[in-house]
Amino acid sequence: METRRYQDWVTRGLFGADPDAPGPAYCIVIPPPNVTGSLHMGHALDHTLMDALIRRRRMQGYVTLWLPGMDHAGIATQNVVERELAKQGLSRHDLGREAFVERVWQWKAESGGTILGQMRRLGDSVDWSRERFTMDEGLSRAVQTIFKRLFDDGLIYRAERIINWCPRCLTALSDIEVEHADEDGELISIRYGDGDDSVVVATTRAETMLGDTAVAVHPDDPRYAHLVGRDVELPLSGRRIPVVADPHVDPEFGTGAVKVTPAHDPDDFEIGRRHNLTSLTIMDERGVITRPGLFEGLDRFEARPAVVAALREQGRIVAETRPYLHAVGHCSRCGTIVEPRLSLQWFVKVEPLAKAAGDAVRDGRVRLHPADMAARYFDWVDDMHDWCISRQLWWGHRIPVWYGPGGEVRCLGPGEPPPGGDGWRQDPDVLDTWFSSALWPFSTLGWPDDTADLRRFYPNSVLVTGYDILFFWVARMMMFGLYAMADRDPDSAVPFRAVALHGLVRDAHGRKMSKSRGNTVDPLDWIDRFGADATRFTLARGASPGGDVSVSEEWVTGARNFCNKLWNATRFALLNGARVPDARPAPGHLSVADRWILSRLAAVTAEVDGLYRGYEFAKICAALYHFAWDEVCDWYLELAKATLAGQDAAAAGTTREVLGYLLDRLLRLLHPLIPFVTEELWTALTGGDTVVTAAWPGERAAGAAAGQPPTDPAAEAEIGSLMALVTEVRRFRSDQGLRPGQPVPAALTGIGGTPLASHEDAIRALLRLTPAGAGFTPTASLPAEGITVELDTAAAIDVAAERRRLEKDLAAARKE
RNA sequence: GGGCGCAUAGCUCAGUGGUAGAGCACUCGCCUUACAAGCGAGGGGUCACUGGUUCGAACCCAGUUGCGCCCACCA
């Protein structure tokens, strides 16, 4: 049913955006999922929130664009295809670069992008005609354009640096692709040199001592002052290495002396630079020792104990090796321990870009929700290292730089032909995946061309994403967006006006979902069993700005029940001949109950509009849930029953109209959150075409009809009294254990002069006291015993006090 | 090592100066003619701890304890 409904929406073109249509624009680009990915709860949350925003704007009369697409996901995708090849006993090198890339495209065509199909199951109202892929021709042109521009501006450079290297993926990684985890290691103390010329250094990575080219001590450390400038003998190799004084060394840590391995440690590299030390590379790209000698050919983790054993044999290990907890970096893609590696790579000089990215948030051109997330953002953009953008992969945007036979370096812009002549070759590396995703807000709209889409939909209205990629992605889109659009005025150069951050999806006990823990929930399973609406409502209901969302089967069951409740309420309305009036029912003929529920509808509508402004999805859901269930179903529908069954045909007619009007508006308000069930019910109730393009009951886009019906405080106060009174009667019946149909004792039968055999009796009795337009002053009397309780509803009823009086009176009545 | 956040009912969480809330779970009573995926009525909390500000503190301030997250080039 949902699938058919979705297909119908798409066929009718309801999700398409026409940049030439009148009205204000509203645009969200989807955070592009990996082409290798499939829909998990995190996506489901993200997409639910975006879809709700988009659907509401569409109903409000905005020209809405929700643009879908995928990321080519360099390492991840290459790994997938390489694994496939491995099954056939092949490596990418067996195919060669061109054939391998061709193979990846083939894989993409056959099995990539399953997530796109899954998005349809969720009901995502994206414009499929604008689907993009980061490796598309157009987007690749955007990549090359901005690379060239950065290169010409001196913001991209090539340098030999220590970078994070994954010995399994065989590529450089940026800082954010490294995940740190505390792990147990051993701190080993090694004595270098002998006698007076000896010094003890401590290390957790003994194997790197093969590449040591110095020992460093603090300049002010008296213990080692005599050694500075002299040489010590490096054990095992016998090389003599200098002792240098460097302020970076912490005299308090360990022995206060540090071994220096410039080629295998970022700190040591800097020390090496300051003291002009040679860099000795001892490992190849797979982490295998290449230094000639005993350890040649050993993996880095085999070499460590071997080196330690050899040192121990020579009596070089001093003191106890002691356990030491320290942070170890892992490849975020495959988990392999990252190896710092000296190599020639391309970098983006981020300082000026990051400064601009920080300022855009600082001066309010981009608003973060929640606002306190800005602190983290500033911490990051204000202290960002240069970004290593080259990857030793084949799948991705190739670096558009050519090297000539005479050492010339030429960066090509789009369309420029490769340099002619012999000896020119292109840089073999590709760009970090995040380089192209950083362009996503405008590359998808046609940049660098001046397209209608770009003019209309940039800046994007809002970016919706998890706080976990605030740094990875958001900050980079800010940097590149502001840079690419520098010719615009600052206010419209930003990639988006606002960033709405949500949290992680967690399990019922607030634990992070992970495959290893086995507590993941598949959104598609929930969609199958509970429906897309229930799944969406569960997620939206837990989503407060920046907050994590705990979900469980209990929650989705509750959401499913809510959808079911709506279903039944609508059924009730249809069975009772509800009809949707053209306009809000005129006040003149309304009962107090009618006036009350219409007033509440107006209030909730305004409340929901306000909450949408702050991306308060949890509160939007709570407001609508309680309005629909507690007020509409539990009270208004019950009150309506009495009227519909009553003698007053005019009053019944009015109720039918109010019922129709009320549900029509309620379903529209709920549609952005639960599109399928509301479409089903709304079309049945109103005979309308589709609720997708029905007018939003609250605020509208400028130019469209607006105007909010007023609330009715008097009616709300009156109904409040009525509810309190009915509740008192119910509580009394429950406390006394009265069965249905069993009338309350004579002592309580005075309300409206009718015996109260049921709750509905009480309602009917009270309702009769309230003719349209009349005042409302119910009186509870106990005529049999001559007791009367008068409830003046102009003042708030102290129900507890009234209850005590009733019980006391009853007890007295029984005694007699 | 630096930064940020959290601690409220059995569970997951709202609640930023004025009588402690929701959903689920639990207890009791109901197949009442939209819905038992439901209806009605209940029980349940020293708001982590200590001190301070205030007429008044879950809320503001200081400290303590416990937990979580992010960042990180001290071997």
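These figures come from a predicted structure and were not determined experimentally. Naming convention: chains lettered A, B, ... in sequence-line order (proteins, then strands); numbering from 1 in each chain.
The base-pairing partner of C74(B), taking Watson-Crick or G-U wobble contacts with both distances under 3.5 Å, does not exist among the strands shown. With a 3.5 Å ceiling on both atom-pair distances, the Watson-Crick or G-U wobble partner of C39(B) is G29(B). Look at G21(B): its Watson-Crick or wobble partner, with both distances under 3.5 angstrom, is C13(B). When Watson-Crick and G-U wobble pairs are counted only if both distances are under 3.5 Å, A62(B) pairs with U50(B). Base pairing of G68(B): its partner is C4(B), meeting the Watson-Crick or G-U wobble criterion (both donor-acceptor distances under 3.5 Å).
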query: After noting the C-alpha distance and the side-chain angles of Val549(A) and His502(A), does the key distance pass the side-chain contact (heavy atoms from CB on, under 4.5 Å) rule?
result: CA-CA 9 Å; Val549(A) 182; His502(A) 60 250; 6.0 Å; no
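As rounded to the nearest Å, C11(B) and A25(B) have P atoms that lie 15 Å from one another. The separation of G21(B) from C61(B), taken at their C1' atoms, amounts to 26 Å, rounded to a whole angstrom. Taking atom C1' on both nucleotides, G3(B) is separated from U12(B) by 28 Å, rounded to a whole Å. The C1' atoms of G43(B) and C26(B) are separated by 8 Å, rounded to the nearest whole Å. Taking atom P on both G56(B) and U19(B), the two are 15 Å apart, rounded to the nearest angstrom. Spacing of C1' atoms, G44(B) relative to U8(B), comes out at 14 Å, to the nearest Å. Across the P atoms, C13(B) and C28(B) are found 29 Å apart, a figure rounded to whole Å. The same atom, P, is picked in A14(B) and in U32(B); the two are 39 Å apart, to the nearest Å.
In this structure, CZ of Phe617(A) is placed 22 Å from P of G23(B), rounded to the nearest angstrom. Taking atom CH2 of residue Trp555(A) and atom P of nucleotide U12(B), one finds them 11 Å apart after rounding to whole Å. Distance Met513(A) CE to U12(B) C1': 13 Å, rounded to the nearest Å. The nearest whole Å value for the distance from the NE2 atom in His626(A) to the P atom in A14(B) is 15 Å. To the nearest angstrom, C1' of C4(B) lies 14 Å from CG of Asp548(A).
A salt bridge is absent between Lys349(A) and Glu351(A); no separation between the charged side-chain nitrogens and carboxylate oxygens falls under 4.0 Å.
Residues in residues 555-571 of chain A take part in no salt bridge (Lys or Arg N to Asp or Glu O under 4.0 Å) pair, two or more places apart or across chains.
Contact annotation: Ser550(A) reaches the phosphate of C13(B) (side-chain N/O to OP1 or OP2, under 4.0 Å).
Of the candidate nucleotides G23(B), G3(B), A14(B), A14(B) has the atom nearest to the side chain of Ser544(A).
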Enumerate the protein-to-nucleotides 69-75 of chain B contacts in which both atoms are nitrogen or oxygen and the separation is below 3.5 Å.
residue	atom	partner	partner atom	Å
C73(B)	O2'	Asp267(A)	OD1	3.1
C73(B)	O2'	Asp267(A)	OD2	2.2
C73(B)	O2	Asp267(A)	OD1	2.2
A75(B)	OP2	Tyr324(A)	OH	3.1
A75(B)	O2'	Ala202(A)	O	2.7
A75(B)	N6	Asp250(A)	O	2.8
A75(B)	N6	Phe253(A)	O	3.1

Would you tabulate the pairs of protein nitrogen or oxygen atoms and nucleotide nitrogen or oxygen atoms of nucleotides 34-38 of chain B closer than 3.5 angstrom?
residue	atom	partner	partner atom	Å
A34(B)	O3'	Arg571(A)	NH2	3.4
A34(B)	O2'	Asn568(A)	OD1	2.9
A34(B)	O2'	Arg571(A)	NE	3.4
A34(B)	O2'	Arg571(A)	NH2	3.1
A34(B)	N6	Cys633(A)	O	3.3
A34(B)	N6	Glu638(A)	OE2	3.4
A34(B)	N3	Asn568(A)	O	3.2
A34(B)	N3	Ala569(A)	N	3.4
C35(B)	O4'	Asn568(A)	OD1	3.0
C35(B)	O4'	Asn568(A)	ND2	3.2
C35(B)	O2'	Asn568(A)	ND2	3.3
C35(B)	O2	Lys565(A)	NZ	2.9
C35(B)	N3	Lys565(A)	NZ	2.7
A37(B)	O4'	Asn561(A)	OD1	3.4
A37(B)	N3	Arg560(A)	NE	2.9
G38(B)	OP1	Asn561(A)	ND2	3.0
G38(B)	O3'	Lys565(A)	NZ	3.0

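A cation-pi arrangement, defined by a distance under 6.0 Å to the six-membered ring centre and an angle within 45 degrees of its axis, is present between Arg362(A) and Phe378(A). Seen from the ring of Trp387(A), Arg476(A) counts as a face-on cation partner, given the 6.0 Å and 45° thresholds.
Asp664(A) and Trp682(A) share a donor-acceptor pair across their side chains, judged by distance under 3.5 Å alone.
Only one option out of Leu566(A), Val604(A), Leu637(A) pairs with Val632(A) in a side-chain contact (heavy atoms from CB on, under 4.5 Å); it is Leu637(A).
Under the ring pair (Phe, Tyr, Trp, His ring centres under 6.0 Å) criterion, His218(A) pairs with no residue at all, not counting sequence neighbours. For Glu177(A), the side chain to side chain donor-acceptor pair (under 3.5 Å) test picks out Ser174(A), Arg391(A), with sequence neighbours left out. Looking at residues two or more places apart in sequence or on another chain, you find a ring pair (Phe, Tyr, Trp, His ring centres under 6.0 Å) between Trp629(A) and Tyr625(A).
Heavy atoms of Trp567(A) sit nowhere under 4.0 angstrom from any nucleic acid atom.
A 4.5 Å side-chain heavy-atom check between Lys259(A) and Thr208(A) finds at least one atom pair inside the cut-off.
Of the two residues near RNA chain B, Tyr625(A) and His509(A), the one whose nearest nucleotide lies more 5' is His509(A).
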